[in-house]
Amino acid sequence: MAKYLLLKHYRGAPAAVNDVPMDQWTPEEISAHIQYMNDFAARLEKTGEFVDGQALAPEGAWVRYDGEGRPPVTDGPFAETKDLIAGWMVIDVDSHERAVELAGELSAAPGAGGKPIHEWLELRPFLTATPGIAECH
């Protein structure tokens, strides 16, 4: 099994076919979209392929270490972060082909007018341990 991240973007990816921003959807369209996502995750839970998934709130901040005994430094939120990343899902599948298949299915979630969004999803494999990589600092 291999883990993959399905990353949903607000902006930065090529435009979706049904490219109407969610803030212009009706409450019913939003509910249908969320239900599709929940049903998709529930089906993958039954097959053992679902690991986790979350939608992200638009708020956020950058945080970094500022030295021994000092509190972390924060800045932000930065619009480019909240505008780019809408949410994510982690799957654990047998092959890259299966990951692509599931990403394609998730891309068909309904949007405005109840029609599939055909949004672009970023598909990223988790980095796995590679012999010798631990020695390379």
Side-chain angles (χ1 to χ4, degrees):
M1 299 288 278
K3 289 188 175 122
Y4 286 85
L5 174 68
L6 302 174
L7 190 58
K8 294 175 67 69
H9 293 271
Y10 283 123
R11 176 179 89 177
V17 173
N18 186 358
D19 194 24
V20 177
M22 189 179 258
D23 63 0
Q24 296 176 22
W25 296 1
T26 67
E28 294 78 19
E29 291 166 342
I30 293 171
S31 292
H33 181 81
I34 292 170
Q35 187 64 53
Y36 183 97
M37 303 292 285
N38 289 340
D39 291 347
F40 181 81
R43 188 167 48 82
L44 294 187
E45 282 179 341
K46 289 179 183 172
T47 64
E49 295 173 306
F50 180 80
V51 176
D52 194 14
Q54 297 291 325
L56 299 176
E59 301 82 26
W62 290 95
V63 178
R64 74 171 170 85
Y65 174 73
D66 198 35
E68 188 65 38
R70 300 179 66 176
V73 174
T74 62
D75 197 3
F78 293 107
E80 62 269 17
T81 301
K82 72 175 184 173
D83 288 346
L84 284 178
I85 303 171
W88 50 269
M89 182 178 288
V90 176
I91 56 174
D92 195 359
V93 295
D94 289 328
S95 67
H96 177 76
E97 291 76 18
R98 177 66 175 155
V100 169
E101 176 186 341
L102 293 175
E105 188 175 334
L106 188 59
S107 167
K115 296 179 182 170
I117 298 172
H118 297 278
E119 71 180 322
W120 289 91
L121 299 173
E122 186 176 350
L123 177 65
R124 305 256 322 253
F126 277 35
L127 183 62
T128 57
T130 304
I133 196 114
E135 292 85 30
C136 300
H137 296 282

**Student:** Is the shortest heavy-atom distance from the side chain of F50 to the side chain of D92 under 4.5 Å?
**Tutor:**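 No, every pair of side-chain atoms sits at 4.5 Å or beyond.
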**Student:** Would you name the heavy atoms of Y4 and F126 that are closest together and state the gap between them?
**Tutor:**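 In this case the closest contact between Y4 and F126 is C-CE1, 3.9 Å.
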**Student:** When you check the gap from the basic side-chain N to the acidic O, do E122 and R124 get nearer than 4.0 Å?
**Tutor:**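 Salt bridge present between E122 and R124.
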**Student:** To the nearest 0.5 Å, how far apart are CG in D19 and NE2 in H118?
**Tutor:**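 So the CG of D19 and the NE2 of H118 are separated by 12.5 Å.
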**Student:** Any side-chain heavy-atom pair from K3 and V51 closer than 4.5 angstrom?
**Tutor:**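 They are in contact (side-chain heavy atoms under 4.5 Å apart), so the answer is yes.
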**Student:** What pair of heavy atoms forms the shortest contact from L7 to G87, and how long is it?
**Tutor:**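 Shortest heavy-atom separation between L7 and G87 comes out as CD1-O, 3.6 Å.
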**Student:** How long is the gap from CG on L121 to CG on L5, to the nearest 0.5 Å?
**Tutor:**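 Spacing of CG (L121) from CG (L5) equals 10.0 Å.
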**Student:** Between L123 and H96, does a side chain to side chain contact (heavy atoms under 4.5 Å, CB included) hold up when you go through it step by step?
**Tutor:** CA-CA 10 Å; L123 177 65; H96 177 76; 4.0 Å; yes
**Student:** Is Y36 reachable from L56 through a run of hydrophobic residues whose side-chain heavy atoms are each under 4.5 Å from the next?
**Tutor:**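 No.
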**Student:** Roughly how far, to the nearest 0.5 Å, is CD1 of I91 from CD of E101?
**Tutor:**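 E101 CD to I91 CD1: 9.5 Å, rounded to 0.5 Å.
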**Student:** Could you give the distance from CG (L6) to OG (S107), rounded to the nearest 0.5 Å?
**Tutor:**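 Rounded to the nearest 0.5 Å, the CG-OG separation comes to 10.5 Å.
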**Student:** Which atom pair, heavy atoms only, marks the closest approach of F40 to L106?
**Tutor:**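 That closest heavy-atom pairing would be CD2-CD1, 3.7 Å.
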**Student:** Kindly work out whether a path of hydrophobic side-chain contacts (I/L/V/M/F/W/Y, heavy atoms less than 4.5 Å apart) joins M22 to V17.
**Tutor:**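 In one cluster: no.
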**Student:** Using a strict threshold of under 4.0 Å (side-chain N to carboxylate O), is an ion pair present between E49 and R98?
**Tutor:**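 So R98 pairs with E49 through a salt bridge.
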**Student:** Same cluster or not: V100 versus L102, using hydrophobic residues (I, L, V, M, F, W, Y) connected whenever any side-chain heavy atoms lie under 4.5 Å apart?
**Tutor:**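 Yes, because V100 and L102 connect within a single hydrophobic cluster, where side-chain heavy atoms sit under 4.5 Å apart.
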**Student:** Can you tell me if S31 uses its side chain to pair, donor with acceptor, with the backbone of P27 under 3.5 Å?
**Tutor:**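 Judged by distance alone, yes, a pair lies under 3.5 Å.
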**Student:** Roughly how far, to the nearest 0.5 Å, is the NZ atom of K8 from the CH2 atom of W88?
**Tutor:**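 If we round to the nearest 0.5 Å, W88:CH2 and K8:NZ are 13.5 Å apart.
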**Student:** What are the two closest heavy atoms between D94 and M1, and how far apart are they?
**Tutor:**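 Scanning both residues completely, I find the closest heavy atoms to be OD1-SD, 2.7 Å.
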**Student:** Would a distance-only check, ignoring hydrogens and angles, find a side-chain to backbone donor-acceptor pair under 3.5 Å from E29 to T26?
**Tutor:**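 Checked: pair present.
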**Student:** Below 30° counts as parallel, above 60° as perpendicular, anything between as tilted: where do the rings of H33 and W25 land?
**Tutor:**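 Answer is perpendicular, since the angle exceeds 60°.
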**Student:** CH2 of W120: more than 12 outside heavy atoms within 6.0 angstrom?
**Tutor:**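 Open.
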**Student:** Give the minimum heavy-atom separation between L44 and M89, together with the two atoms involved.
**Tutor:**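 Scanning both residues, the minimum pair turns out to be CD1-SD, 4.5 Å.
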**Student:** Check A112 against N18 and note the closest heavy-atom contact, atom names and distance.
**Tutor:**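 For A112 and N18, the tightest heavy-atom pair comes out as O-ND2, 2.9 Å.
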